[in-house]
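Worksheet: one structure, shown below.
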Amino acid sequence: MTPHRRRPAVRRAARLVPPVAAAALLLPLAACGNAGELRGAGATPTAVGPVRLWPELPPVTAPPLDYGESDTRRVPGVRVPEGGVRDVDPVAVVRAELAADAEGQGGADGVDERTARAVRRCGTEREACPVLRPYYRDLTGDGREELILAVRVADQQVAVRCYLAEDGGLTRVMSTVEQLVSVELAGRDLILRAVSAGIPGYEYRTAWSWDARQGTMLPARDEIVRVKPTPPPPAPLPPAPLQSPGAPSTGDPSTGDPSVDQPSVDQPSAGGPGAEPEAAARTAPAPEERKRQPEARTAYGTEPEARTATRMATHTAAGAAAGPR
């Protein structure tokens, strides 16, 4: 006798599932058939390499104008303690540079005489001191912090300087003067945003970075960036209308309720020192009237009589609707 083979459980389960339910189970599988497939993004533009213009130009033999971006200067008379640049007085650093630059040899980043006098008075006039709060950041990547200073100078400009601690002293490795919009630190870059001269709606953005070969900070990236226009300030509210001297004022000044009429300041109130006796007598209520207010009148008489008439009319209408017992 041939043994009976057991059918797979899947086939038995398929018989138990109605055709409609099976179709419903297959719909999500059919919908996911195209998921994850690659789709074309259109034609790729052809890459165009740089083209050299005027290749016959001779090479440059004379150096260009030196703007002093890579100049460094040792700060005389300032010693850096073992704790680093955080233990150095920033005002003392600026004063030491001013003393060494008595003849105005600081170049384009030199400090004007008015600012120099204000720096010398920083000890007694702290509020007027042009030396701003110092910042500290590792700009060279050697694990030690550098000193970043800023001094307000003439013509709404700010002199920004960076100092490196080496051999127990300070060396200035960066200096510039700009009409600054903001100064930012991004990683080891010092980013200066300055006002654009003659190009409304734009600003200069310069990123100063440490150059180990030159041993100084250089303006590695210099660009002109369009900025969003500043929205105009909201228009001021119109002034409140002036009140004439003899007109009565509206509103209660103590509660702020405009619906309550108050007597005018210039017009004396009834019963006051400036009021006539007859007017005071007419307006001032009698003691009996203050104690017992008159009852409100309605179409049915006084208020208690009106309530009684309303109850009687209600009972009469209810009895007529119910009919004779």
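Residues take their numbers from the sequence shown, with the count starting at 1.
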Please round to the nearest 0.5 Å and tell me the distance separating atom [atom1] of [X] and atom [atom2] of [Y].
X: Leu98; Y: Glu113; atom1: CG; atom2: CD; value: 9.0 Å
X: Gln214; Y: Asp71; atom1: CD; atom2: CG; value: 10.5 Å
X: Arg221; Y: Thr206; atom1: CZ; atom2: OG1; value: 10.5 Å
X: Cys162; Y: Arg137; atom1: SG; atom2: CZ; value: 11.5 Å

What heavy-atom pair brings [X] and [Y] nearest, and what distance separates the two atoms?
X: Pro76; Y: Ala96; answer: O-CB, 3.4 Å
X: Ala165; Y: Arg144; answer: O-NH2, 3.5 Å
X: Trp208; Y: Met174; answer: CE3-CG, 3.6 Å
X: Pro81; Y: Arg79; answer: CD-O, 3.5 Å

- Task: Have a look at Arg95 and tell me which of Val78, Val131, Val119 forms a side chain to side chain contact (heavy atoms under 4.5 Å, CB included) with it.
- Result: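 With Arg95 as partner, side chain to side chain contact (heavy atoms under 4.5 Å, CB included) holds for just one option, Val119.
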- Query: Picking from Asp189, Leu164, Leu185, Leu147, what satisfies side chain to side chain contact (heavy atoms under 4.5 Å, CB included) with Leu139?
  - Reply: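 Answer after filtering Asp189, Leu164, Leu185, Leu147: Leu185.
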Could you tell me whether [X] and [Y] have a side-chain N and a carboxylate O separated by less than 4.0 Å?
X: Arg205; Y: Glu203; answer: yes
X: Asp112; Y: Arg114; answer: no
X: Glu97; Y: Arg161; answer: yes

Pairwise side-chain contact, [X] with [Y], heavy-atom cut-off 4.5 Å (strictly under):
X: Val158; Y: Val177; value: no
X: Leu192; Y: Val160; value: yes
X: Pro200; Y: Tyr202; value: no
X: Leu132; Y: Val151; value: no
X: Asp87; Y: Val80; value: no
X: Leu149; Y: Tyr163; value: yes

- Task: Given side chain to side chain contact (heavy atoms under 4.5 Å, CB included), test Val85 with Tyr136 step by step and report yes or no.
- Result: CA-CA 8 Å; Val85 294; Tyr136 308 92; 3.7 Å; yes
- Query: Do the side chain of Arg152 and the main chain of Cys129 share a donor and acceptor less than 3.5 angstrom apart?
  - Reply: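 Between the backbone of Cys129 and the side chain of Arg152 there is a qualifying donor-acceptor contact (under 3.5 Å).
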- Between Asp167 (side chain) and Gly169 (backbone), is there a donor-acceptor pair under 3.5 Å?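 Checking the backbone N and O of Gly169 against the side chain of Asp167, no donor-acceptor pair under 3.5 Å is found.
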Would the number of heavy atoms belonging to other residues, nucleotides or ligands and lying under 6.0 Å from [atom1] of [X] be above 12?
X: Gln156; atom1: CD; value: no
X: Glu82; atom1: CD; value: no
X: Leu53; atom1: CG; value: yes

- Task: Could you walk me through whether Arg86 and Glu145 pass side chain to side chain contact (heavy atoms under 4.5 Å, CB included), step by step?
- Result: CA-CA 8 Å; Arg86 289 182 178 267; Glu145 292 178 327; 2.8 Å; yes
- Worked check of side chain to side chain contact (heavy atoms under 4.5 Å, CB included) between Glu178 and Arg193: CA-CA 9 Å; Glu178 299 284 355; Arg193 296 172 51 197; over 6 Å; no
- Message: So, using side chain to side chain contact (heavy atoms under 4.5 Å, CB included) as the criterion, who are the partners of Thr171 when residues are at least two apart?
- Response: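 If we apply the side chain to side chain contact (heavy atoms under 4.5 Å, CB included) test to Thr171, skipping adjacent residues, the hits are Thr72, Arg74, Glu166, Val173.
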